[in-house]
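Notes follow once the structure below has been shown.
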Amino acid sequence: MIVLARPSFHNGEKMQRLLRILLALFLLAPPALAADGPFLINGAIVTPGRVIQNGWITLQGGKISAISETRPTAAGARTLVTRDIVFPGFIDLHNHPLYGVFPRWHPPKVYPNRYEWRADAGYWQAIQTPEGKLVATRFCDMDAYVEMKALMGGTTSLLGIYRPADTDAVPPCVAGLVRNLDWATGFHGDGVGHERAGNVLGVRPNDLKLSEETLAQIKRGPIDLIAVHLGEGQRNDPDSRAEFARLKDLKLLTPNTAIIHGVALSEADFGEIKAAGASFIWSPRSNFELYGETADIAAAARQRVTMALAPDWSPTGSTNMLAEIVYAKGVIDRQFKGLVSPQQLFEMATSIPARIARIDDKAGSLKPGLAADLFLLRGDASKPFDALVTARPEDVTLTVIDGVPLFGTSDHMSALGVTALETVNLCGQARAINPHAIADGFADITARLTGALRSENLTLAGLAECN
Ligand SMILES: [Zn+2]
């Protein structure tokens, strides 16, 4: 926000020149964003206790200030009237978002475990080698592109951006757009480096060298959550099974531990996870594409394990949380009939990961006092959870983070006072990006990434997988 001092001189000609300069500056710069609100949004409001049909949610100062059945009186409020469903933003606890610039990788076979495909020359050629080059040269462009893909699918908090190899922290450009649970959420202070969640790739001794600091922090206290890839392989794969024993040897099966994948885990293992107060993050699509099977979530449910859902990454998982929910619904219908309801899938993507990450007092539900992190979905508002699990990418009509409308239809964005929009095509429909969200412009970022990938004989991944 620029605050202009009142001009102190009275010469008419000088004043006219100043006014012309100010007008030119105003026309050149996008209008300032009224992020403080108040904003009133009308629709079917999905609160923790019930869905308020034709309800109202008021956003002010980056927070949800009220939820009501009747239209509130709020002087000067920007008002958006819709028939859409208003959901809290998704909290994605398992992703490798930077890989979201790459097209899908189609594994030539199923693998017994993660170590095998990660050693596959074809994988290195298609993904890992170009990824290393791109992170070193185009980190901020990659970050902006993949975070836009996440929030286009309703994600408002995300874990898993990692730093370039030659730096100690991620570049400051990671702040903004989606909240980065490991680097910059805004929940624990401004800027990068105050966060309370850590991400560890594996529990082999070699992998642990990469994460000694994170492990030390969880023991000392400044880390609330450690998310560990574990048992990522087929059910009877010995390497994958050995990882759970290794985790226990390290005394890292704790209430602050979230186990990612766990395809190789047995029901007894899930019982131990429950007893330790640890939690579990399910990523079915990537499991099926790489290993031909997924975790035994029926066993996890029998053991009453706290379970969240997340997409892993887009090369073999889903593009974003919304797409993974739709995929998970198909897996449940095929393999775990009746085990998880559409409403429970919604909770596995919002309130449950918020509890796992110890941010449920800040985000994950639509409640007064929590962050104004939400998205709107077009669909049958009388069956909001069914609409969610059958949603198409283009059904998301607005995403708001910290009270700022970042993405949506131009109608919705304009109603909330965001103008000078940058337009993108999402599955054949025009969508608008808040021009303040990405200083460089999304089209320029897309063009630079397209060029960088072309020089590796690759194409830039699309914004979504369209039907
Ligand atoms: Zn992963």
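The basis for the numbers below is simple: all heavy atoms, side chains too, and nothing from hydrogens, waters or symmetry mates. Numbering of ligands and ligand atoms starts at 1, following listing order. For the single chain, residues carry numbers from 1 onward in sequence order.
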**Message:** Please report, to 10°, the angle around the Zn ion (ligand 1) from atom NE2 (His229) across to atom NE2 (His96).
**Reply:** 100°

**Prompt:** Taking the six-membered ring for Trp, are the ring centroids of Phe375 and Phe90 within less than 6.0 Å of each other?
**Reply:** yes

**Fill in**
So the side chain to side chain donor-acceptor pair (under 3.5 Å) pairs with at least one residue in residues 142-153 (sequence neighbours excluded) are Glu147-Asn180

**Message:** With a cut-off of 2.8 Å, does Glu232 put an N/O/S atom close enough to the Zn ion (ligand 1)?
**Reply:** no

**Request:** On the 0 to 90° scale, with breaks at 30° and 60°, tag the Tyr99-Phe102 ring pair as parallel, tilted or perpendicular.
**Result:** tilted

**Asked** Can you name the N/O/S atom of Asp312 that is nearest the Zn ion (ligand 1)?
**Response** OD1

**Message:** Run the ring pair (Phe, Tyr, Trp, His ring centres under 6.0 Å) test on Phe280 and Phe270 for me, step by step, so that the C-alpha distance in whole Å, both residues' side-chain angles and the decisive distance to 0.1 Å come before the verdict.
**Reply:** CA-CA 9 Å; Phe280 173 66; Phe270 280 117; 5.2 Å; yes

